Amino acid sequence: MSHVVQEKWSSGTAFLLAAIGSAVGLGNIYRFPYVVGENGGGAFVLLYLGIVIVFGIPLVMTELTIGRRRQVPPITAYTQLSEGKKSQPFWIFAGYSSVITPLGILGFYFVIAGWTLNYVFKILTGKLSNLAEGDTQAVFADMMASPGTLIFWMTLSVIITAFIISRGIKAGLEKAVNILMPMLFVILLSLVAYSAFNGGMAETFEFMFTPDFEKINMKTLLEATGQAFFSLSLGSATMLVYGSYLPKEVSIPKMACGVAFADTFVALVSGFAIFPIIFTNGMELNSGPGLVFETLPVIFDQMPFGNVFGIMFFLLLAFAAITSTISLFEPAVSNLEERGIFTRRKASLVVGIGLWCLAALSALSLNVLSDWHPLAFNSTLENKNIMDLLEYLSANGMMLVNALFAAIFLGWIVNRKESLEELGLGDSWLFKFWRSIIKYVVPPIVGYLIIDFLGYGLI
Ligand code: PFF
C-alpha cells in the first residue's frame with residue numbers, strides 16, 4: 001500500500017527534541033499549574049507523578065513500539081500488526097480513532113495557541129502596560145468577545161503549523177524543534193531564576209509537595225490521569241507517528257523515559273515559575289485559565305523588568321504550543337501521504353483548511369455561538385459549546401480510549417515476539433514488568449476510568 005518511503009529522524013536526539021516538543025505544551029505551562037491549584041496542590045502532584053511512572057512511561061513505550069515496528073503511519077500500523085487476526089476490522093477502527101482524536105484536540109488547541117500569539121503581540125505593543133487592578137480581566141474578555149481577533153490569531157497558528165508540516169520531517173519538524181526547544185528551555189529557566197530571586201519558593205514548595213490525601217477521590221484520579229495522558233501526548237497517534245520515524249537502532253525504553261522525565265520536569269518547573277510570583281504578590285490563586293491570562297499580566301506590569309519577563313513568558317507558551325500543534329497535525333498528513341491520496345504539501349493544505357473550519361467554530365463558540373449547544377440532548381453535554389465539547393470528548397474521553405486500545409493491542413493481540421525484538425530489553429525482568437503493566441494493570445484501571453467518565457452522565 002505504501003507509495004512513499006517514510007523519512008526518518010536524523011538521530012535519537014532529533015526524535016527526543018521533537019517528542020519532548022510534543023509533550024511539553026499548553027498542558028504543562030498553562031494547564032498543569034491551574035489544575036494543581038484547583039485540586040489543592042501536593043496530593044494531586046504526587047498522584048500525578050505516580051501515574052506518569054506507572055502508566056505514562058509504559059504507555060509511551062507501547063505507542064512508540066506500535067509505530068516503529070513496521071515503520072508505517074498509525075492506521076497502517078494497526079492494520080499490518082493485526083494481519084490474520086479475526087479482530088482485524090476492530091483494530092483498523094482503533095487506528096482511525098487514534099488519528100481522528102488529535103484533529104478534535106486541534107479544534108480547540110489552535111484557538112488557545114492563538115491566544116498566546118495574541119498576548120505576545122499585546123505585550124510587545126504595550127497593551128498590557130499600566131493597567132489598573134481588574135483591567136486584565138477586561139483585556140481577556142475583550143479578546144474572547146472579538147471573533148475577528150480570535151480568528152486572526154488562530155489562523156496564524158494554523159498557517160505556521162501547516163507550513164512546518166508541509167516541509168517534511170527533517171526540513172520542517174526537526175528544524176522547527178531545533179530552534180524552538182532550546183529557546184523554550186532557556187526562557188523557562190530564566191523565569192524560574194527570576195522567581196527564585198523574588199522569593200515565594202518555600203511557599204511554592206510547600207504548596208506543591210505537601211499532600212492532603214483527603215483531597216484525593218475518583219474525580220481527582222480521573223483528572224490526574226487525563227492530565228498525565230494529555231501532557232505525555234498519549235492516545236492521539238502522535239507517539240505512534242513519531243515512533244514510526246525513529247531509526248531502528250535507537251532504544252525505545254530510553255526515549256520513553258527521556259520524554260516522560262522532561263515533560264514532568266517542565267510541568268513542575270512551570271509551577272515554580274508561576275506560583276512564587278503569585279504568592280509573593282499576595283494574589284489569590286484564582287483557578288482556571290485566568291491564572292495565566294489575567295493574573296500574571298497584572299504582576300508582570302508591576303514587577304521590575306516585568307515587561308521583559310512577560311514577553312518571555314508568552315513567547316514560551318507560544319513556542320510550547322507550536323511544537324505540540326505540529327505533532328497533532330502530523331498523523332493525519334502522514335496517513336494521507338502514505339496512501340498516495342495527496343502529496344505532503346497538498347495534505348498539509350487540505351488538513352489545514354479542514355482544521356481551520358473546526359477551530360473557527362470553536363473560536364466563535366466563545367462569543368457569537370456561545371449559546372449553541374449541539375449535544376444538548378445529553379444531560380452532561382447540554383451546557384457545552386463546541387470548544388468545550390471538543391476538549392471534553394477528545395482530550396478527556398478519546399485519549400483514554402485510544403491509550404487503552406494501544407495497551408490491549410500490544411499486550412494481548414500482537415505476537416509477544418514483535419515487542420520483544422522492538423524494545424531491545426531482551427527477555428529480562430524489565431521487559432516482563434512492562435508487559436505485565438500493559439496487559440494487567442492499564443486495561444482494568446483505564447477501563448474503569450472510562451466507565452467512570454461515561455458515568456458522569458454521558459450515558
Ligand atoms: N502534550 C501536549 C500538551 O501538554 O500541551 C498536548 C498534546 C500534544 C496532546 C500532542 C496530545 C498530543 F498528541
Side-chain angles (χ1 to χ4, degrees), residues 17-36 48 51-52 56 59-60 62-64 66-67 73-74 97-116 157 161 164-165 173 176-177 180-181 184 188 223-244 256 259-271 289 292 316-335 351 355 390-403 405-406:
L17 271 190
I20 294 173
S22 166
V24 170
L26 298 171
N28 305 59
I29 303 162
Y30 158 74
R31 197 163 187 279
F32 183 79
Y34 84 70
V35 178
V36 170
Y48 179 86
I51 291 169
V52 168
L59 278 171
V60 175
T62 302
E63 296 197 358
L64 292 178
I66 297 176
S97 160
S98 69
V99 172
I100 287 168
T101 303
L103 303 178
I105 297 177
L106 279 177
F108 71 88
Y109 208 94
F110 270 139
V111 178
I112 308 181
W115 301 352
T116 69
S157 69
T161 308
I164 296 174
I165 295 288
L173 284 83
V177 297
L180 297 177
M181 293 309 288
L184 185 144
L188 184 66
E223 180 112 37
T225 311
Q227 173 66 23
F229 282 22
F230 186 76
S231 195
L232 290 171
S233 304
L234 287 168
S236 355
T238 287
M239 289 296 165
L240 300 177
V241 82
Y242 275 20
S244 75
V259 173
F261 176 81
D263 184 59
T264 309
F265 176 78
V266 172
L268 294 175
V269 168
S270 302
V292 161
L316 170 73
L317 268 183
F319 292 165
I322 295 294
T323 54
S324 296
T325 54
I326 55 179
S327 74
L328 287 155
F329 202 110
E330 177 63 23
V333 169
S334 137
N335 276 293
V351 174
L355 283 171
L390 285 172
E391 177 172 358
Y392 189 71
L393 297 177
S394 58
N396 297 1
M398 290 309 296
M399 288 184 84
L400 289 180
V401 172
N402 295 328
F405 285 163

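Just so you know, ligand 1 is whichever comes first in the structure, and atom 1 is the first atom listed for that ligand. What you see is a predicted model, and the numbers here were worked out from it, not measured in a lab.
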Please report the shortest heavy-atom distance between A320 and I29, naming the atom on each side.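 Taking every non-hydrogen atom into account, CB-CD1, 3.7 Å.
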
(message) For G21 versus S324, what's the shortest heavy-atom pair and its separation?
(response)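 In terms of heavy atoms, the two residues are closest at O-OG, 3.3 Å.
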
*Could you check whether the rings of F261 and F265 sit parallel, tilted or perpendicular, using 30° and 60° as the cut-offs?*
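Answer is parallel, since the angle falls under 30°.
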
**Item:** Those residues that, when tested against A23, pass side-chain contact (heavy atoms from CB on, under 4.5 Å) (two or more places apart)
**Value:**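 With neighbours one apart ignored, the set is S233, V259, D263.
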
Sorted by chain and residue number, the ring-ring contact (aromatic ring centres under 6.0 Å, His included) partners of Y109 (sequence neighbours excluded) come out as none

* **Pairing residues for F110 by the ring-ring contact (aromatic ring centres under 6.0 Å, His included) criterion, not counting sequence neighbours** =>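 Applying ring-ring contact (aromatic ring centres under 6.0 Å, His included) to F110 gives none.
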
Where does ligand 1 get N/O contacts under 3.5 Å from the protein, atom by atom?
| unit_1 | atom_1 | unit_2 | atom_2 | d |
| --- | --- | --- | --- | --- |
| ligand 1 | 1 (N) | S22 | O | 3.1 |
| ligand 1 | 1 (N) | A23 | O | 3.0 |
| ligand 1 | 1 (N) | F230 | O | 2.8 |
| ligand 1 | 1 (N) | S231 | O | 3.1 |
| ligand 1 | 1 (N) | S233 | OG | 3.2 |
| ligand 1 | 4 (O) | A23 | O | 3.0 |
| ligand 1 | 4 (O) | G27 | N | 3.4 |
| ligand 1 | 4 (O) | N28 | OD1 | 3.2 |
| ligand 1 | 5 (O) | L26 | N | 3.1 |
| ligand 1 | 5 (O) | G27 | N | 2.7 |
| ligand 1 | 5 (O) | Y109 | OH | 2.5 |

